[in-house]
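Here's the structure we're looking at; comments come further down.
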Amino acid sequence: MSSQIALPILIPLLSGALSLVFWRFRGMQRFIAVGGTAALLLSSIWLLGEVNAHGILVSQMGSWPAPFGISLVADLLGAIMVLLTGIIGFAVAIYSLATIGRGHEAFGYFPLMHLLLAGVAGAFLTGDIFNLYVWFEVMLVASFALLILGSEKAQMEGAIKYVTLNLVSSVIFLIAVGLLYGKVGTLNMADIASRLAAMEGDGMVDVLAMMFMVAFGIKAAAFPLFFWLPASYHTPPVAVSALFAGLLTKVGVYALYRVFTLIFHHSPGYTHEILVWGAGLTMLSGVLGAAAQYEFRRILSFHIVSQIGYMILGLALFTPLAIIGGVFYIMHHIIVKTNLFLISGIVHRLRGTYDLKKLGGIYRRYPWLAVLFLIPALSLAGVPPLSGFFAKFIVIRAAIEAEAYGVTFIALLVGLLTLYSMIKIWAEVFWKSAPEDGDTDPYPEISHREVWLVAAPVVALAVCTLLIGLNAEPIHALAEASATQLLAPERYIEAVLGTSQEVQP
Amino acid sequence: MIEFLKQGLILSGAIFMFLASLGLLRLPDLLTRMHATTKAATLGATLIMLAVALHFTQVAFVARAFGVIIFIMMTAPVAAHVIGRAGYFVGSKLWSGTVKDELRPNYDPLTHELKSGLDTEANARCKPKPGEGDTH
Amino acid sequence: MTSVILLSLVLMTLALCLVFARLFIGPSLPDRVVALELFSSMIVGIIGVVAIATDVPSLLDVAIVMALMAFMAAIGFARFLERGGPRDD
Amino acid sequence: MVRSGTLILNVAARFLLPLQLLFSLFLLLRGHDEPGGGFIAGLVAAGAFALYLFAFGLGALRAMIKVSPRDLVGLGLLFALGSTLPAWWGGEPFFTSQWWTVPIIGFKASTPLIFDIGVYLVVLGSVLTAITALMTTDRDPDA
Amino acid sequence: MMQLAVLSGFVLAAFAPLLYRWLGSRTTVFLALYPAAIVVWLLAQWPSVVGGEPVLLEMAWVPGMDITLTFLIDGLSLLFALLIAGIGAFVLLYAGGYLHGHRDLPRFLVILIAFMVSMLGLVLADNLVTLFVFWELTSITSYLLIGFNHTDLSARKAALQGLFVTVAGGLALLAGLVMLGSAGGSWSLVELTTRGEALREHPLYTPMLICLLLGAFTKSAQFPFHFWLPNAMAAPTPVSAYLHSATMVKAGIYLMARLQPSLGGTEAWVTILSLVGAMTMFTGAFLAVRHTNVKKLLAYSTVMALGTLTMLLGIGTQGALVAFVVFLLAHSLYKGALFMVAGILDHETGTKDVTAMGGLRTLMPVTTAVALVAALSLAGLPPLLGFIGKELMFESVLHASHFTLLLLLLAFAAAFLTIAVAAIVALRPFFGEQRQTPHVAHEPPAAMLLGPAVLAALSLLLGLMPGGLDGLVQAIVVGIGAPEANVHLALWHGINLPLLMSLAALVLGWLIFRRWDRLRARLAYLDPVIARGPEAGYDAIMVALVRIAEWQTRALQNGYLRNYLAVTLLVLVGLVGHAFFFRHTPQFDVSISVYLHEAVVAGLMIAGAVTACLMKSRLAAVAAVGVMGFSIALTFVLFSAPDLAITQLLVETLTVILLVLVLFRLPRFANLSAPSERLRDLVVASAFGVMVTLLMLAVLGGERLPRISDYMVENSQPLGHGHNIVNVILVDFRALDTLGEIFVLALAAIGVYAMLRFHAAEGTGRLPTRPRSSDDGE
Amino acid sequence: MEPLMAVSIGVLFACAIYMMLRRSIVKLVIGLMLLSNAANLLIFSTAGMERGRPPLVPEGMAAPAGSVADPLPQALVLTAIVIAFGVLSFSVVLLRRAWEVVRADDLDKMKDTDT
Amino acid sequence: MIGAAWNLLLGFAWVVLTGDFSGSNLLAGLFFGYLVLALLQPQVPALQGYAQRLPRLVGFVGFFVKELLLANLKVAFDVVTPPWYMRPGVIAMPLRAESDFQIAFVANLISLTPGTLSLDVSDDRKVLYIHAMFLDDEEELRRGLAELERRALALFD
Ligand code: NA
Ligand code: NA
């Protein structure tokens, strides 16, 4: 019974609709926020368990046989991504209870959050290319609205760039889908893959691959298409930043993985070679961007870009090991980056600013926060034995074994510069004494309840980071199994199209 | 016979529509142009819908054709009124050949008050000044 | 498609071009709005002719919606003008 | 002050509103067989209310529809989501359509119809939410 | 399971603050039991190891990646582990005294113990990746230790410098290790030792070697990466004593020794190691005498020792390896002791400047004795272990196969400079006339004296009875590559060339010590030259980094949306264009059947769009867009899409209403761009348009497959119970799309509502806002 | 007709992009409108265009007699139109709020959030 | 109003009773309903004058279509011939109609009649301002407009 694949989409949709109905009831909205995301988390755990046990799961929406209806497909990568969505959603929901202002709550923060999660989960689970577009739009419009909630000047300026460039990406995607349908007459990704395989030698496949690459490259914030991200990610409330940082670009990365393993894998010498260069430049430009920043969230934002490069590199090298590395990297990164943003929010809550030059003295006053920062920060920089190390290690090993030395060098250099950035934050925010005379604290004391609400998700995510590092074997095994699936697209195709006879209504 | 009538209706409808567009292009000021559009287009559409009613003989389609006629007759004058009024009040220039304007003296552009002018009949009869109307 | 119908269609689309010319020339906003309004009315006629030509009565629904709703655009523009929007804009 | 509408517009709106709403319901209910359906019907209904809004202003519109357009959106979403569930209850994949014939009048009810009604409400509610929000802030200068 | 016992030190570290709350100042004693226990355990392995039987404790960690927690205890790792745990225990005790009452002592202990465990893990690990894991952990923990005085800018800078250099090297090391593991087909050090032949002939040998050595050199402060080590003296002295004498800096040495059997002995190996080592040796010694700060003096002399060790590994003969082991041990003992003495001086007198001290022997006689013994070993005088080490070093340099003369000269120079350093450190503060120091000096507490005293005593003891080390040294030397060895250490080898060289060095060194003050003044002339050394390079790199970063940000993330757009689109057009023309042979099947009225409608569509671009007035542009929209609706009518036509024109109408409602508030169009900009934009836009047209034509003209929609057409009525196929698709076949789509609409409505009303509500103060809890996006 | 549409759509896209590259936010929004319209047309016409055969099943029949226009792209375009409408209304209001906050129609004045 | 409602009700009743739900049958039902009401009218005060409206309506439509066609031709002639024969202007027409609906109805009819275009009603609803294209004979025009208004209002009696 694989119909429950839809649950991770329907649960947040339902939560979103319900919170919309309870628009005026703040308590109810908060209750749904926690309950809904918890349900999402549970369903995603269940889903991953099922997929792990039984292989790729497929559900034909409306009982229409593939490829005619819309198929929901949960392979390991999809299920892993959904689980991460659940984790991040739940963590951010808890965190939001303490940090989101009443104004934001009164104007739809929670419904928007649920629907963002729904869009993300939908994108991870759909097996239909146009349906993917739809979920992208759900996610996108939810993120638009979250981005502008509060109507600050910076939010508006950032949002214009964010909206415009993401819409351009959507349109490119749409054009590509239109052309693809015109060419192969189907929308089901498995069907597209099998039909294109039959058309091998038709160069249009590569042309379409380029369109998808750019469309998803924009969503993933790859070089040189990332402009929208640093322009906007530091402007909304921090819980929103954290949600975006963890999930949004990863949807782009996921889409690249999906499309370039399932559909466009026939001429890796061309398509994936371009991806290699894109990945290298993404890493480098992102990390250099961060080096020029002196604002907590801006640094983190640029680092999203550079880390995206590693993930794309895993795909681009297109060896089993590289894909393992890429998948591992995604898992690690989502947790770590979200956590860093959440921590930046706590610092902001304590000191009222994100500006490194105005911050300081946290290490002395709040050593627990310093430790909580160090775990994800060092993990991001790939310091062993945290999660980021293994992620980076596998990717680099794959790069060396694929004899891609240039990009290996970049990857190593970027690791160093990432550490530099994290250390910069550490030194400025935590070690340095606060600029205006040490321990006088003009900010209102943080209440106990608030501390628990903001610290719980941060601690939980830090524990995840530690666990992924110290107990890397299961995660690695998962990534390995997922990579095996990704590199055997025929299994995906078989799972989707092979079952079509039985579900004939 | 019906076929011939139908074609006649279609062609005349098309011609009226063409005339309407010609009028829109040629006529000298906003209000006169609006005459062309409101009537000729409505008439054109009506004629064509009559042809449609002749063509599709089922009641449902005939009813729909008449529905179109009725709806267009209901909406076209409203649109014309709204645009004409707005255009006039924001000061569209009247054609120099305009012979009279009984509205202008009764309208207060600041308060948007529009008097009937019946109390000061003299005002209502005053001669229009050609080309005026841009005094906002 | 009979020649009468084809002729009508060409005539009406040419009429659309004339309307568009007015929209392009202006000179004032109300002129353009009138042009847009006429444009939509003409489309109702064209739809009728196409419905006859293709023998597709379902197109009448398009015509009904057009007849019933298209004038809303004009109302919107008028509202803009009345609220003090510049007329030459 | 600018008046919200003129006499002619007001009368037209008062007449057109029921007509347009009726037409929108018509489009909704037979959309499965002829051009129409939830979107189109919802847009027509939204247009109808927009006309009423232009003619009589926000207060009159609010007095007439009573529920907040936002609630229409939520309700519509719940309708649409709800229509996917009966199939699940019966052990079939989500969205599998279910058809019931209402005994006396012979009307064929179905989950796709419920779904379409949800679509209708969402479209109507969304457009109205946007337009009323725009009109509200239009009121107070420089809000 | 011993692995977990060792690694449980991390847990112990985490609990140190808690322990401190319970035990107070006795915490360090308690904590020192942990390394002491490890020493005991290590000593228990001694017989087996010395008997030529390395101990291999296997344990899995991440089997999927071939990463194990296996411990390899052979001679080399036993020696290192003993030094780490043994000196570690003393350092813990010492730290308890040195930082007594310091508010950050608990945190200090956390990091120190974590460092110690990492270091143990590093030398005990058999797996390359695990080794690297601990390697990096030592970098991070030492960063935290160097920056212990974190409110001090210079401490932070020094810490960053140390970290940056060692981590940069560490990353090279990682690459090297990966190459090593891949080339050798194994991640186990034990197994790799047996595959030296294959490795040395592997095509990746040279890059692999360079990467590995970069890691080792940076960690062990080899020239030109030596500069971070003296700067790291910003750390509290226990840290210096521990990290920068006995342990961390020797990690690189350890690694090179480890790799000697697998990679050593080649031309490249010998050349690089001996030259870099010799250069480091001389540089360290030379730079040492320029300083008056006792910690800097010792730090540079450590650089010198590290260079010596590297050089010896490079020479690689059996004698050189024996010398390596002895020198290593001797250095750890005396340098540990001397650093702790330096700390005592600093702690008790309040200054680190040797020229500010004098005649302390009366105030702190025990310290004086300890310092003297350790310094004698540093100077390489009999009967201390340092003497044996130095003699063996001279001996092996004399027998070096490459660069013999150069190495000899540099070794000799280093030797006499080191003697001078030893004299400065041990004589200057304690002898001569007594000087006023910030604090009135007296003997330190026993906890602080215990360590240096024991280490100094060991230097003496082992110097007198070096035979006790024979077994261990032999085990190590065999383990690191000497084919077979028969080691007999002795204090006295008779009068030979090395002894004569030592004597000459002693004389020269003494002379320098006597004329040190004048010499320093002379050497000051060299300051500008030295200032342009490698450290300047580091600074330049850091400055350049920020400059490049800022330049890149200005160039890429410049804030102009239109630039972002143009770049994005050009990338698209470039990639697609390339694929289109080079990967694909376009076939355009341009058969066209068009009625005039259809063409006119298409023309109107274009005309509407172009007009929208040309219009000077916003509302006119909106009207033109309306024309385009209506034309599109007409196209849908003409081409059999009634549902689309209705939707299009309804949407078009509502859009116009919306735009009009909004534009009312907005300013008019202003002509903002220059003609050149417009031309550029036109080029970008046309390129995009042409691309789309070509793609469409290619798809229309190319091979096309049957549609899935045929199924929908067939089954819409029978299975979907609907006659309007489009509607059946929307609410049944693809209802999930529709569901997503209405959520998009709902979201847009919420967004619009929130955007318009949030602000309004705030403005009127109707909104309950908590101060500061909602974030402002500064 | 399709090749003619290909050219027209190309021109539409060019217009859209040109408008989006202007500095005025209003033009940006108009560009977005053109962009989504062009994309919809592309989907519609790339699938092939059929005169006078809408995808409707005649009353009393199980399937249309003969070929009909491909209904699937029509459904896709319908979805895309509505999505574009939602997105566009959001963007329109965003641009108004941006104008209210920044008090300029010039996108070049909106670069504080970058560096 | 009541009459119309009854008529509708009777029409539907007819449809239900005959069991034929087609549009033509509804038309038939409405027609028979009208006949019944026309018979009942003398007895029921609420239906006063209901039956007379239909012939009036038919007459009015005929009148209106004639006007529409003729005047359209007049405008068309002026549009296609190069010189302008028209003499446009805005005139104020005093209204007899009183209710909102009546006023709007008259105004829209006037708008649909070629050559005249209702601009607005004065705030006191006494005067309708009309833009006319052919003011050659203003009195004749005013008479025509009054006739139109009279015929239109007669539909409401
Ligand atoms: Na529909
Ligand atoms: Na004339």
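In what follows, chains carry the letters A, B, and so on, assigned in the order in which the sequence lines appear, proteins first and then strands, with residues in each chain numbered from 1.
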Open item on the list: Looking at D/Y52, I'd like to know if its OH atom is crowded, meaning that more than 12 non-hydrogen atoms belonging to other residues, nucleotides or ligands lie closer than 6.0 Å.
Closed with: yes

TODO: Heavy-atom pairs under 4.5 Å with chain A are the metric here; pick the option from D/V73, D/T96, D/T111 that has the most.
DONE: D/T96

Open item on the list: Rounded at 0.5 Å granularity, tell me how far CZ in D/F95 sits from OG in A/S59.
Closed with: 10.0 Å

Open item on the list: Looking at every heavy atom in both D/R70 and A/L20, which two are closest together, and how far apart are they?
Closed with: O-CG, 4.5 Å

Open item on the list: Rounded to the nearest 0.5 Å, what separates atom CG in D/L85 from atom CG in A/L14?
Closed with: 7.5 Å

Open item on the list: Using 0.5 Å steps for rounding, measure from the CD atom of A/Q4 to the CZ atom of D/F94.
Closed with: 6.5 Å

TODO: Search all heavy atoms of A/Q60 against all heavy atoms of D/P93 and return the closest pair with its distance.
DONE: O-CB, 3.3 Å

- [ ] Would you mind checking which part of D/L75 comes under 4.5 Å of any heavy atom in chain A, side chain (CB onward), backbone (N, CA, C, O), both or neither?
- [x] backbone

- [ ] Mark yes when over 12 heavy atoms from residues, nucleotides or ligands other than A/F31 sit less than 6.0 Å from its CZ; otherwise mark no.
- [x] no

Open item on the list: Quick check on the interface: out of A/L18, A/L10, A/I5, who has the most heavy-atom pairs with chain D under 4.5 Å?
Closed with: A/L10

Task: Gap between atom CG of A/L115 and atom CG of D/L77 - 0.5 Å precision - done: 7.5 Å

